[in-house]
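A quick write-up on the structure given underneath.
Below, all heavy atoms of this structure are taken into account, side chains as well, without hydrogens, waters or symmetry copies.
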Amino acid sequence: MLHFNLNLTWLSGVLLQCVSAAGLAQSTDPASLTRVDLAKPDPSVALSLPRYLDSRSTRFVDWLPDGSMLVMTRFGETTQVHRVRSALSMREQLSFESSGVIAAAAQPAHDDAFAALSARDSGRTALVLYRPKEHALVSLTDGSNRDGAAIWAHDGRRLVFSSDRSGGRDREIYLLDTGAANATPQLVAGGAGYRWQVFDWALDDHRLLLGREAASPDTDPAEGGSGELELYIANLDDAELEPLTLTRRPDNKPAPPAAPIRARTARFAPDGRGILLLSAADSAEGGFWQLSYLDPIMGEVRALSSQGGHDVELFDQSPDGHYLAYAVNDNGMSRLHLIDLLRKLEISVGAVGPGVISSLRFDATGTRLALTLESHREPPDVYVYEPETQTLTRWTHGELGLLDPERLIAPSLLHYPTWDRIDGQARMLSLYAFRSGVATGAVAPRPVLILLRSGGGAEFRPGYDALLQYLVNELGLVVLAPDVRGSSGAGRAFQALGQHELRDDAVRDVGSLLVWIGLQRELDRTRVLVMGEGYGGYLALASLAQYRDRLRGGIAAFLPHLAVLANLTSIRLPTLFVQGQANPDVPAYESEQLAARLRVNGAAVQYLAAANEAGAFRRKSNCDAYYAAVANFLAQLIR
């Protein structure tokens, strides 16, 4: 194990999957890739990397009325909807979208019908209704817009979805009657300057629970937003749109001025009266997301979750109101909690091991809870937990190809001091460290990759990650993945520390990590590289500009807008740019022009782009090319 000079907290954890080759859509145009000055392929990379890309994952989609389930998994190179009838039974492919399926929802009162959200060109999407029993396929939207996933009414006839049909950054809510001939989407809620989101249908199918937030034209990559939306009720009978406010208190005292209730997500409660929501606790306590129950009639909000020092991420309540399940984010790991509302007690769910949970859903009987779980050794798979017996059953079993799961590295959670202080003590930031082998005094210091997937409202999650495991096992890198300020998962107060004019403070956190690396005798401070994806790409570029004397090179993938970045032309270190050129929110020319400018100024710049990708790569062949470019770039610089 590593020996550090500082007092650090060590915990075991698992590793995050960014874009798994196991769940990627088919690339129909190999010529869509643009490669400029990529590193010469390393023979060892070409030999060892492919076997890390053969894993396959499965994610839960929805329950079907007969007790079977819909899942999404790869068949060949595309992500499609499959049906699984029982635990570990055969997966039956139901969808056949050429670009794969992004999301799906089972149609109520139908044995196997579902609405699939399918990818189209330039980031656009289309809703498609599959009716396998009838061998029928119905296009619900034409693919000329960016439509959201469908949410069905209980009657199984109508559905609602969000869309950008008005243009710009706005999103509206539309309703579609799938049982009407030649039906067209009807506007339910919208308006200039807002993004609307649909959460749920009421039990009577006459009301919708919606949320909205401002659609700011500001494209600052550091502004992830608070994550809270104002809640509204849309009455479909009279087209009224009413904000949810607390207008009465149970003690009959005057209520404060009415203000919209804000939440991260919300659902109608099974009792038909209240609303379950994730809302932020008092900022004095860090502003963590907690699960609460809102009684609009009594003007009361009461907390349901008991994990005050952690964010609640997911929740679901059984249709009969008996059980309430929720998942808590504990330093990037998930912990499942279950409340028996009838017995008024909380059940410890010890059957679910360490990992990252990404979905929760009770079946119609309320006796089975489906969840998607992944760990550093296992890609995402579907499990079913039964509260009455407290048993966990595995329903799908993903593949690792030729990889030995025992060789996959478990990360350790540490903390390092950053540049500012709290109550006279250095602020400590969390950090996941990945390293293979056993460190001894005779082992030469290892090269280091700083992996930036945090900040700007994102957090590093230790799930399954084939590329990261390859870099550690085969290239011998020590990968350090910090959660810099501005990251989610540690409360709104911490997230606000890296936003707006404070965004450069997150870059300074990277500088503090470089100082910390220099104090560790097992780490080679002369061979430190940085890699960022999304907002982390912004941090990577800013670090290359500011700490060029302590870095050897860096990778910036899937960048946001670059308008706020200063002094980038001062970068002289080797840099790899990776981007999708079909992203309507981020002009492709920004990365292209920056890469060209740095090349003119003497930097060794490599560039990989895919014309048929809108953001992070989804197509398997594109993703494999990205992994190969990263592996060859890093191998070139550490040897």
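- Gln469 has its side chain within reach of His376: a pair of non-hydrogen atoms, C-beta onward, lies under 4.5 Å apart.
- For Tyr194 and Tyr232, the gap between ring centers reaches or exceeds 6.0 Å.
- Between Gln390 and Ala351, the closest heavy-atom pair is O-CB, 4.1 Å.
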Is there a side chain to side chain donor-acceptor pair (under 3.5 Å) between Glu374 and Ser57 once you walk through the steps? CA-CA 9 Å; Glu374 63 183 294; Ser57 63; over 6 Å; no

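- Taking a cutoff of 4.0 Å between a charged side-chain nitrogen and a carboxylate oxygen, Arg453 and Asp465 qualify as a salt bridge.
- Going from atom CG of Leu210 over to atom CD of Gln197 covers 9.5 Å, rounded to the nearest 0.5 Å.
- Rounding to the nearest 0.5 angstrom, the gap separating the CG atom in Leu477 from the CG atom in Leu449 is 6.0 Å.
- Two residues are said to be in side-chain contact when any heavy atoms from C-beta on lie closer than 4.5 Å; Phe434 and Leu451 fail this criterion.
- A salt bridge links Glu228 with Arg492: the distance from a Lys NZ or Arg NE/NH1/NH2 to an Asp or Glu carboxylate oxygen falls below 4.0 Å.
- The minimum heavy-atom distance between Asp311 and Gly489, with the atom names listed, is OD2-CA, 3.2 Å.
- Counting heavy atoms of neighbouring residues, nucleotides and ligands inside a 6.0 Å radius, atom CZ of Arg572 exceeds 12 of them.
- Look at Arg508 and Asp420 and you find no salt bridge, because none of the NZ, NE, NH1 or NH2 atoms lies under 4.0 Å from a carboxylate O.
- For the pair Ile409/Val479, no side-chain contact is recorded, criterion being any heavy-atom separation below 4.5 Å from C-beta on.
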Between Arg195 and Arg169, is a side-chain contact (heavy atoms from CB on, under 4.5 Å) present by the stated rule, with each step listed? CA-CA 7 Å; Arg195 292 176 181 166; Arg169 297 173 60 85; 2.5 Å; yes

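- With sequence neighbours excluded, no residue forms a ring-ring contact (aromatic ring centres under 6.0 Å, His included) with Tyr385.
- Residues Phe494 and Ser487 are in side-chain contact: their nearest non-hydrogen atoms beyond the backbone lie under 4.5 Å apart.
- In this structure, Tyr432 and Phe460 have tilted ring planes: the angle between them lies in the 30° to 60° band.
- Using cut-offs of 30° and 60° for the angle between ring planes, the Tyr416 and Trp516 rings count as tilted.
- Ring centroids of Phe199 and Phe268 are separated by 6.0 Å or more, keeping the two rings apart.
- Across all non-hydrogen atoms, the minimal contact from Asp330 to Arg335 is OD2-NE, 3.0 Å.
- No side-chain heavy atom of Glu522 sits less than 4.5 Å from a side-chain heavy atom of Val478.
- Within the 4.5 Å cutoff, the side chain of Gln520 has no heavy atoms near those of the Arg525 side chain.
- With Asp483 contributing its side chain and Ser430 its backbone, the two residues share no donor-acceptor pair below 3.5 Å.
- Arg427 has no carboxylate O lying under 4.0 Å from a charged side-chain N of Asp505, or vice versa, which leaves the two without a salt bridge.
- Of the charged side-chain nitrogens involved, none lies within less than 4.0 Å of a carboxylate oxygen, so that Glu213 and Arg262 do not count as a salt-bridged pair.
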Given the rule in the side-chain contact (heavy atoms from CB on, under 4.5 Å) test, do Ile261 and Leu277 qualify, once you have shown the distances and angles that lead to the verdict? CA-CA 10 Å; Ile261 295 174; Leu277 68 159; 4.0 Å; yes

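- Put simply, the side chain of Arg446 gets close to the backbone of Ser436: a donor and an acceptor are under 3.5 Å apart.
- In this structure, a donor-acceptor pair under 3.5 Å is present between the side chains of Glu533 and Tyr626.
- Rounding to the nearest 0.5 Å places OG of Ser334 at 6.5 Å from CG of Asn329.
- Of all non-hydrogen atoms in Gln579 and Phe558, the two that sit nearest each other are CA-CD2, 4.3 Å.
- None of Leu541, Leu594, Val605, Leu551 except one satisfies the side-chain contact (heavy atoms from CB on, under 4.5 Å) rule with Ile571; the exception is Leu541.
- Exactly one residue among Val578, Val630, Ile450 makes a side-chain contact (heavy atoms from CB on, under 4.5 Å) with Met531. That residue is Val630.
- Separation of atoms CG (Asp381) and CG (Leu371) is listed at 10.5 Å; rounding is to 0.5 Å.
- Phe633 meets the ring-ring contact (aromatic ring centres under 6.0 Å, His included) test with no other residue; sequence neighbours excluded.
- Between the CD1 atom of Ile517 and the CZ atom of Arg527 there is a distance of 13.0 Å, given to the nearest 0.5 Å.
- Contact of the Val349 side chain with the His337 side chain is not registered, since no non-hydrogen atoms from C-beta on lie closer than 4.5 Å.
- Residues forming a ring-ring contact (aromatic ring centres under 6.0 Å, His included) with Tyr323 (at least two apart in sequence, or on another chain): none.
- Checking Gln546 against Asp504 by side-chain atom types alone, no donor-acceptor pair falls below 3.5 Å.
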Starting from the C-alpha separation in whole Å, work towards a yes-or-no answer on side-chain contact (heavy atoms from CB on, under 4.5 Å) for Val448 and Leu480. CA-CA 7 Å; Val448 179; Leu480 305 178; 3.8 Å; yes

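- Between Leu452 and Pro482 the shortest side-chain heavy-atom distance falls below 4.5 Å.
- Distance CD1/Ile357 to OG1/Thr372: 9.5 Å, rounded to 0.5 Å.
- No donor-acceptor pair under 3.5 Å is formed between the side chain of Arg264 and the backbone N or O of Leu278.
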Stepwise side chain to side chain donor-acceptor pair (under 3.5 Å) check, Arg597 with Thr569: CA-CA 7 Å; Arg597 180 68 180 275; Thr569 56; 4.8 Å; no

